[in-house]
Structures are given as structure tokens and as C-alpha cells.
Amino acid sequence: MTRMWDPADEPLVRAGLRGFLDLRRVDVLIVGALIVVAFLIRFVSPVFIPALDHPFQGPTVVAKGLGYPYNPGGCADVPVPPGVVPHKVAAPAKAASPTNPAETAYYCGFIFDEVYFPVDAAKDLHQPAVSYFDPEPPLTKLLMTPPLQALGFNPWSWRLSTAIFGSLLAGLMYLIAFRLRRDRFFATVAGALVCIDGLALVESRTGVIDIIAIFWAALLYYVFLLHWQARTRTQWRVTLYAMAAVCGLAFAAKLTALAPTVLMVAFIAMRYIEPWAVKSIGWLRQLRSRPDPGPDLWREAGGGWRAMHYVAAVAIVGVVFCASWSRYLTVPQTYWHFTACEVSTTGLTGTAVTVNPPLIHVGTLIGSFSTVDPAKAVSSIIDNMRAGLEYHLQECHGHPYASAWYTWPVMEH
């Protein structure tokens with residue numbers, strides 16, 4: 001039986017941000033509670049219960065906390081920024097060299113790829129910034145720097161940013177679920193599952209970049225839903241440009257943002273061709289179980305200049321993405337062109353070229369003026385991205401799953 005059209009099914013078009021978001025005070029409280037609970041779980045974990053193995057012997061519950069475990073086998077050279085207190089230095093500071101600033105110390109305690117990302121964050125924080133190669137964009141490392149500066153360089157500080165973003169993801173999941181289906185129980189369960197999900201918990205407790213990238217991708221989905229459900233011209237334009245800005249940040253966090261971006265572009269394109277398709281292809285009419293004026297209202301909200309707005313939105317994506325490189329572009333760059341990989345010997349091989357920075361700060365970093373060559377800056381970013389894609393394609397020494405970027409959706413290696 002076909003259900004009759006109910007006006008309550010239509011997304012709200014009330015004036016103002018609060019009316020459009022359709023959030024009440026209880027929703028804000030639930031989102032805040034989910035974030036707090038998720039953060040507490042991440043902050044105190046791992047939690048051990050020795051009493052299960054040895055009843056009545058020792059403590060009943062032991063919470064090791066975000067800074068646990070300390071891995072003495074994971075070590076790396078870290079350029080310690082001025083004013084940042086070293087933690088667990090396993091050896092005296094090494095002599096200065098072009099790749100080893102005077103403040104460099106030898107740290108241990110890294111788990112898995114923590115040996116890369118927190119160290120890169122310290123290099124960004126260093127004055128002057130230290131050049132490094134990373135096949136991923138720079139935003140996630142920059143977001144790791146505030147705790148390092150505030151709390152010193154230690155496992156607690158290099159994991160704090162991921163714990164925060166992993167906690168925010170729980171609240172964001174509530175907003176996404178509530179936007180899809182206006183059911184607070186459904187949305188609360190969705191957010192609670194992110195609080196306790198094993199993979200989300202591990203990624204939120206390790207100083208790697210993935211949970212931060214997932215947060216921006218999820219935020220991109222949420223803003224896309226707002227744009228998809230826009231019914232007025234103001235809603236349509238504001239959500240479009242908000243989506244463009246978030247998309248730029250998602251790409252600046254990790255290139256895997258390409259996946260949600262392709263889906264969103266496809267959905268928007270299908271909505272525009274829907275009237276022609278329904279009119280020209282008869283069986284498509286059967287897909288609609290009830291009349292829905294929403295798409296028509298959405299297309300009308302775009303107005304006659306919608307194509308120009310889409311062009312401007314793409315430009316915003318590029319500007320935001322390029323802006324995330326501003327810190328990295330202040331230091332001399334070494335660009336790699338990877339050509340091959342020797343499994344049994346040196347790993348990746350290629351050529352390297354060092355060039356002067358396209359973005360130069362004049363005077364002190366605080367309140368300074370900057371000169372920039374936009375063409376050179378964009379060329380520098382393209383060179384970095386090309387090197388990153390070559391790295392993913394050629395690397396075979398430690399990662400036997402190398403592949404071209406266009407094969408990632410099907411996970412071909």
C-alpha cells in the first residue's frame with residue numbers, strides 16, 4: 001500500500017540557522033553528552049581488570065590512560081620546538097646538521113605510524129619549520145601541533161588531537177543520523193556506537209591521521225545533507241559554499257576525501273537530470289512511491305546562476321586546500337620523483353631536487369608580512385602531491401600493497 005504524502009516528511013525551511021538545522025536544546029545536550037562520554041572513554045583507556053585473573057589480589061580496575069602503552073622499540077629523531085619540554089629522552093641530544101637541528105632529541109614510545117606523524121607535527125612547530133616528505137597533505141599534522149606546544153612532546157600530547165577529533169565524531173554521527181531520520185533514539189544509538197566502536201577507539205587513541213581525516217569526511221557528508229535538503233535560495237547558497245570549504249579541509253586532511261566528493265557530485269548531477277530521465281524513461285516513474293516536491297524546490301532554489309556558484313565552489317575547494325600548505329611552503333623543499341622500488345635493498349629509488357620556498361615570511365612570524373609567488377606555490381603543491389602518488393604507486397619495501405590512486409576504490413594492489 002502506497003503511503004500518502006505527509007507534509008511533515010518535508011525538510012524544514014524555517015528562517016534562521018537554528019530553524020534550518022532543526023535542532024532543539026535536547027539535541028545539543030545529547031551531542032555534548034556523546035562527545036564527553038567518547039572523550040572520557042578514550043582518555044582513560046585501556047582499562048584492565050586484574051581481579052578477573054587474580055581475585056582479591058591487587059587493584060580491581062586499572063586505567064592506563066591515553067599515554068599508554070609506552071613502546072621502547074619505537075624510536076625516532078624529533079626536532080624539539082623551543083619551549084617544548086622533552087619527555088622520555090632515551091639518548092642525549094644529537095649534534096646539529098641540516099636534517100638534524102640543534103634541538104633534536106631521540107625519543108622512544110611511538111606505536112606504528114606514530115613514528116612519522118607526531119614527528120612531522122614537531123617539524124611544523126619548529127622555528128623555522130623543518131622540511132620533510134609525507135605522501136599525505138599537511139592539515140592533520142598541523143592539527144596535532146597545539147597539544148605538543150602546550151603539554152610538551154610526549155605520548156599524551158601527540159595523541160590528544162586524535163582523541164578530541166574521535167570524540168567529536170561521535171557527536172557528529174548523531175547529527176548525521178538525525179538529519180537522515182528525525183528520530184532521537186536512532187541518532188543517539190548511532191552516536192553511541194561510534195563512542196565504543198573498536199576501530200574508532202583505537203584510531204582515536206593513536207597519534208595517526210586517519211580519525212582526523214574521517215571526521216572531516218563525515219562533516220562533509222553532514223554539510224552535503226544540509227545542501228541536499230535546502231529549500232530556499234539562501235539555504236542553497238550558504239550550504240553550497242560551506243560544503244566547498246569543508247571539502248577543501250577534507251582533502252587537506254587526506255586524499256581519501258575523493259570518495260565522498262565523487263558520490264556527492266554524482267548525486268547532485270542525478271538530481272539535475274532527474275526531470276529529463278523520469279520523462280524520457282518510463283520505468284523510472286515506478287521508483288517513486290509518493291510524490292516529492294523536494295527536488296523541484298531544490299532546483300528552483302539554485303536559481304539561474306547556479307552554474308557560476310558551482311564554479312566558485314570548486315575554486316573555494318582549491319583555495320582552502322592550498323592554504324593548508326602555507327606553513328610547509330615557508331621552508332626549502334626537496335621534491336622527489338620516485339621511479340622504482342628494490343624489495344631486497346634500498347626500497348624506493350628516484351631523484352631529488354631542493355628549491356627555495358615560494359612563500360617567504362618577512363620579519364617575525366607574529367605580525368609579519370609575507371610575499372608569495374602564487375604560480376610557484378601551486379606548482380610546489382602539485383610537485384608534492386605527484387611525489388605522494390608516486391610513493392603510493394612504487395613503494396614495495398615495507399608496504400607490499402602499493403597501487404595507483406585510481407585503483408583505490410576497488411582496493412587493487
Side-chain angles (χ1 to χ4, degrees), residues 17 117 120-121 124 129 134-146 161-162 164-165 168-169 172 175-176 179 209-228 230 235-269 302 305-330 333 357-359 370 372-389 392 405-406 408-409:
L17 179 63
F117 301 120
D120 292 342
D124 284 326
D134 182 11
E136 307 294 347
L139 179 62
T140 46
K141 279 82 69 178
L142 293 174
L143 292 173
M144 288 182 177
T145 58
S161 289
T162 55
I164 291 173
F165 277 91
L168 292 174
L169 182 63
L172 179 58
L175 296 176
I176 293 174
R179 198 70 192 183
I209 67 175
D210 299 281
I211 200 68
I212 301 178
I214 290 172
F215 168 82
W216 290 113
L219 183 60
L220 180 57
Y221 276 123
Y222 178 64
V223 181
F224 169 74
L225 285 174
L226 297 180
H227 181 62
W228 187 257
Q235 291 174 357
W236 191 93
R237 292 179 179 178
V238 171
T239 55
L240 173 64
Y241 289 117
M243 183 171 64
V246 174
C247 186
L249 292 170
F251 272 101
K254 200 169 185 181
L255 295 182
T256 48
L258 179 64
T261 301
V262 169
L263 287 176
M264 294 170 194
V265 171
F267 275 118
I268 291 174
W305 292 90
R306 55 179 176 263
M308 297 302 298
H309 286 292
Y310 282 125
V311 171
V314 172
I316 289 177
V317 174
V319 169
V320 173
F321 176 78
C322 291
S324 71
W325 292 82
S326 57
R327 176 62 168 161
Y328 195 56
L329 296 176
T330 61
Q333 301 297 305
L359 181 62
S370 300
V372 62
D373 182 343
K376 189 175 180 181
V378 172
S379 176
S380 175
I381 295 171
I382 292 175
D383 286 336
N384 272 280
M385 288 292 92
R386 181 180 61 193
L389 294 176
H392 287 301
W405 67 269
Y406 51 82
W408 294 348

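Heavy-atom basis, side chains included; hydrogens, waters and symmetry copies ignored.
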| message | Quick test of your reading: applying salt bridge (charged side-chain N to carboxylate O under 4.0 Å, His left out), list the pairs with at least one residue in residues 135-145, sequence neighbours left out, ordered by first then second residue. | response | D134-K141

| request: Take L240 and Y310 through the side-chain contact (heavy atoms from CB on, under 4.5 Å) test and state the conclusion after the steps. | output: CA-CA 8 Å; L240 173 64; Y310 282 125; 3.7 Å; yes

| CG/D120 to CG/L142 distance, rounded to the nearest 0.5 angstrom? | 10.5 Å

| Spatial distance of atom CG (L263) from atom CD1 (I268) [nearest 0.5 Å] | 11.5 Å

| field | Any side-chain heavy-atom pair of M385 and I382 under 4.5 Å | value | no

| field | Counterpart residues, side chain to side chain contact (heavy atoms under 4.5 Å, CB included), relative to D210 (two or more places apart) | value | E203, V208, K254

| task | Please assess M264 against T261 for the test side-chain contact (heavy atoms from CB on, under 4.5 Å), listing each intermediate value before the final yes or no. | result | CA-CA 5 Å; M264 294 170 194; T261 301; 5.7 Å; no

Could you pull out all donor-acceptor pairs under 3.5 Å where a side-chain atom in residues 245-252 meets a protein atom, sequence neighbours excluded?
none

| request: Taking all heavy atoms of T140 and all of A213, pick out the closest pair and write down the distance. | output: CG2-N, 4.4 Å

| Do any N or O atoms from the side chain of S324 and from the backbone of L139 form a donor-acceptor pair under 3.5 angstrom? | no

| side chain to side chain contact (heavy atoms under 4.5 Å, CB included) with A218: which residues, sequence neighbours excluded? | L169, L172, I176

| field | side chain to side chain donor-acceptor pair (under 3.5 Å) partners of T239, counting only residues at least two apart | value | H227

| Inter-residue atom distance I214.CD1 - T162.OG1, 0.5 Å rounding | 11.5 Å

| Of all heavy-atom pairs between A244 and V317, which one has the smallest distance, and what is that distance? | O-CG2, 3.3 Å

| task | Please list, chain by chain and in numerical order, all residues satisfying side chain to side chain contact (heavy atoms under 4.5 Å, CB included) with L389, sequence neighbours excluded. | result | L255, W405, W408

| query | Which heavy atom of W236 sits nearest a heavy atom of R306, and at what distance? | reply | CH2-CB, 3.6 Å

| request: Answer yes or no: is there a side-chain heavy-atom contact under 4.5 Å between I212 and F117? | output: no

| task | Might you work through the side-chain contact (heavy atoms from CB on, under 4.5 Å) test for R327 and T145, ending with a clear yes or no? | result | CA-CA 12 Å; R327 176 62 168 161; T145 58; over 6 Å; no

| Roughly how far, to the nearest 0.5 Å, is the CG atom of L143 from the CD1 atom of I209? | 11.0 Å

| request: Could you label the plane-to-plane angle of the W228 and F224 rings as parallel, tilted or perpendicular, counting under 30° as parallel and over 60° as perpendicular? | output: tilted

